[in-house]
Amino acid sequence: MSEEFRRHWPALLASVFGLMTSCLVLMGYSIGLFVHPLADQFGWTRQQILTATSIVTLGVMFSGVVVGWLADRISVATLILVSQLGLGLSILALAFFTNGNLAVYYGIYLLIAFVGAGALPVTFTKLLSSRFVRHRGLAIGICLAGTGLCGVVVPPLVGAFIRVYGWRIGYLALATLPLCVAMPMTLIFLRGGPTASAKTAAGGTAATEDYGLTLSEAVRSRRFWTIVVALFLASGSGAGFLFSMVPMLIDRGYESSAAANMSAIFGVAVICGRILIGALADRIWVPPLALTVLASAALATLLISQVTVALAMALVLIFVIGLAQGAEGDMLAYLVSQYFGLRAYGKIFSWVFVAFTAAIGIAGPLFGHIFDVYRSYGVAMIGSSAAWLMAGLLLVSLGPYPKWANS
């Protein structure tokens with residue numbers, strides 16, 4: 001293993017578990033599990049329940065920009081630790097204060113967004129980008145694989161608590177993850193380590209943060225807006241499928257436990273996508289690879305939504321879509337660092353992340369609304385497939401990396 005990994009594996013490990021329990025990931029992978037229980041108890045529609053995804057992503061859009069600004073100025077580890085504590089306590093509030101009042105339900109999700117924004121990809125990838133040079137893509141990929149790990153662990157675990165003890169205990173189980181898993185990892189492996197602006201030795205070279213574009217320079221470039229639009233489309237497609245996957249599978253006759261376990265396959269695929277794209281990004285130009293992965297997801301989305309397939313084929317298609325979901329987050333962090341550098345990484349990333357999270361917020365209620373209108377997810381999935389393909393074509397138009405990206 002390279003010197004970079006030998007020196008900085010503690011930060012990488014803490015980042016994996018930090019992203020596994022971050023607010024967007026944790027609430028995104030779990031909300032489908034609560035759709036039927038909340039609808040049965042309170043009579044809420046799917047659109048009403050999934051609107052919570054819009055609330056949390058809207059909150060992250062605003063608070064994430066502030067976090068991006070802070071990440072360029074103060075200790076990233078402190079931001080992460082405070083957010084993990086606030087996130088866990090806010091999820092506990094869902095268990096105790098959700099009482100049939102949608103305003104309370106939405107208000108808690110908004111609180112989750114504001115307090116949890118400090119433990120998102122902008123902070124973890126900035127921390128790792130300052131430590132890894134030669135293997136930056138792989139390090140970011142491994143870190144972002146934490147989102148897929150959430151998909152593997154959370155649906156079966158929390159789903160089991162919901163089935164046996166009810167949805168309130170399900171939220172209690174969810175809250176233990178940032179409080180009892182992520183926070184100890186941050187305290188042990190991140191606090192007291194090098195700051196986000198530290199130099200990283202790697203084979204005789206050093207990763208500094210004094211190269212690249214400023215925020216104003218980036219915003220004036222075509223590449224910035226191309227990445228924004230492409231990742232908006234890809235993020236919305238992946239999020240819409242993720243939020244709808246469990247209820248869609250249940251509607252098709254699968255038991256809730258089987259649907260939750262099938263969603264774990266999606267999580268495994270996200271992990272594979274993160275690590276695969278990350279490893280390949282250090283060796284080849286990313287955009288053509290992105291087109292291949294996203295076009296495959298477009299085809300898989302069409303097939304699983306429009307054609308009746310056997311269980312084995314459904315698992316394969318879910319895996320392909322999960323690969324794309326994993327790749328898109330990896331591409332977000334890697335492309336920002338390669339095309340714009342580290343000088344204003346936190347600020348630039350946070351604004352691109354606004355588009356990324358906005359798509360997540362739109363996808364939840366949009367897919368829920370389409371189901372309420374058509375009593376089927378078919379129309380939504382056709383749109384999702386087209387968006388996957390368009391995103392891949394846009395990324396190919398970015399052109400080669402700037403010369404300083406490889407210096």
Legend entry - Donor + acceptor pair across side chains of T51, Y109 (<3.5 Å): no
In the structure I gave you, are the side-chain heavy atoms of [X] and [Y] within less than 4.5 Å of one another anywhere?
X	Y	answer
L94	I112	yes
T176	L172	no
C272	F319	yes
S397	T226	yes
L317	M313	yes
W351	V65	yes
L177	I91	no
R46	H36	yes

Does [Y] offer a backbone N or O that forms a donor-acceptor pair with the side chain of [X] under 3.5 Å?
X	Y	value
W44	V35	no
S385	I382	no
S384	A380	no
W225	V219	yes
Y334	A281	yes
T123	G118	yes
E4	H135	yes
R343	L213	no
R223	L398	yes

What's the shortest heavy-atom distance between [X] and [Y], and which atoms?
X	Y	result
A218	I348	CB-CD1, 3.8 Å
V320	A300	CG1-CB, 3.9 Å
T125	V122	OG1-O, 3.7 Å
A145	I275	CB-CG1, 4.1 Å
I321	A297	CG1-O, 4.1 Å
A139	L12	O-CD1, 3.4 Å

Legend entry - Check: F367 ring centre within less than 6.0 Å of F241 ring centre: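 F367 vs F241: aromatic centres not under 6.0 Å.
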Legend entry - Near-ring test Y339/Y401, centroid separation under 6.0 angstrom: yes
Could you measure the distance from the [atom1] atom of [X] to the [atom2] atom of [Y]? Nearest 0.5 Å is fine.
X	Y	atom1	atom2	result
F34	I49	CZ	CD1	11.0 Å
R168	Q41	CZ	CD	6.0 Å
L323	L294	CG	CG	11.0 Å
L85	I80	CG	CD1	14.0 Å
Y171	L33	OH	CG	9.5 Å
L157	I162	CG	CD1	10.0 Å

Legend entry - Working for side chain to side chain contact (heavy atoms under 4.5 Å, CB included), residues L394 and L233: CA-CA 10 Å; L394 284 171; L233 293 172; 4.2 Å; yes
Legend entry - Ring geometry between F349 and F353 (parallel below 30°, tilted from 30 to 60°, perpendicular above 60°): parallel
Legend entry - Plane angle bin for W167 and F42 - parallel if under 30°, tilted between 30 and 60°, otherwise perpendicular: perpendicular
Legend entry - Step-by-step side chain to side chain contact (heavy atoms under 4.5 Å, CB included) determination, Y377 to M245: CA-CA 10 Å; Y377 289 107; M245 178 169 52; over 6 Å; no
Over 12 non-hydrogen atoms of neighbours within 6.0 angstrom of [atom1] in [X]:
X	atom1	result
H369	NE2	no
F161	CZ	no
R283	CZ	no

Legend entry - Test log, rule side chain to side chain contact (heavy atoms under 4.5 Å, CB included), inputs V76 and F124: CA-CA 8 Å; V76 173; F124 291 111; over 6 Å; no
Tabulate below the donor-acceptor pairs under 3.5 Å that side-chain atoms of residues 15-32 make, not counting sequence neighbours, or state none.
| residue | atom | partner | partner atom | Å |
| --- | --- | --- | --- | --- |
| S15 | OG | A11 | O | 2.7 |
| T21 | OG1 | F17 | O | 3.1 |
| T21 | OG1 | G18 | O | 3.4 |
| S22 | OG | L19 | O | 2.9 |
| S30 | OG | L26 | O | 2.8 |
| S30 | OG | M27 | O | 3.4 |

Inset, instruction - Could you walk me through whether L335 and L395 pass the side chain to side chain contact (heavy atoms under 4.5 Å, CB included) test, one step at a time? - result: CA-CA 10 Å; L335 292 177; L395 291 176; 3.9 Å; yes
Legend entry - Test ring-ring contact (aromatic ring centres under 6.0 Å, His included) applied to W9 - qualifying residues, sequence neighbours left out: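 Testing W9 for ring-ring contact (aromatic ring centres under 6.0 Å, His included), a comparison that skips the adjacent residues, returns F189.
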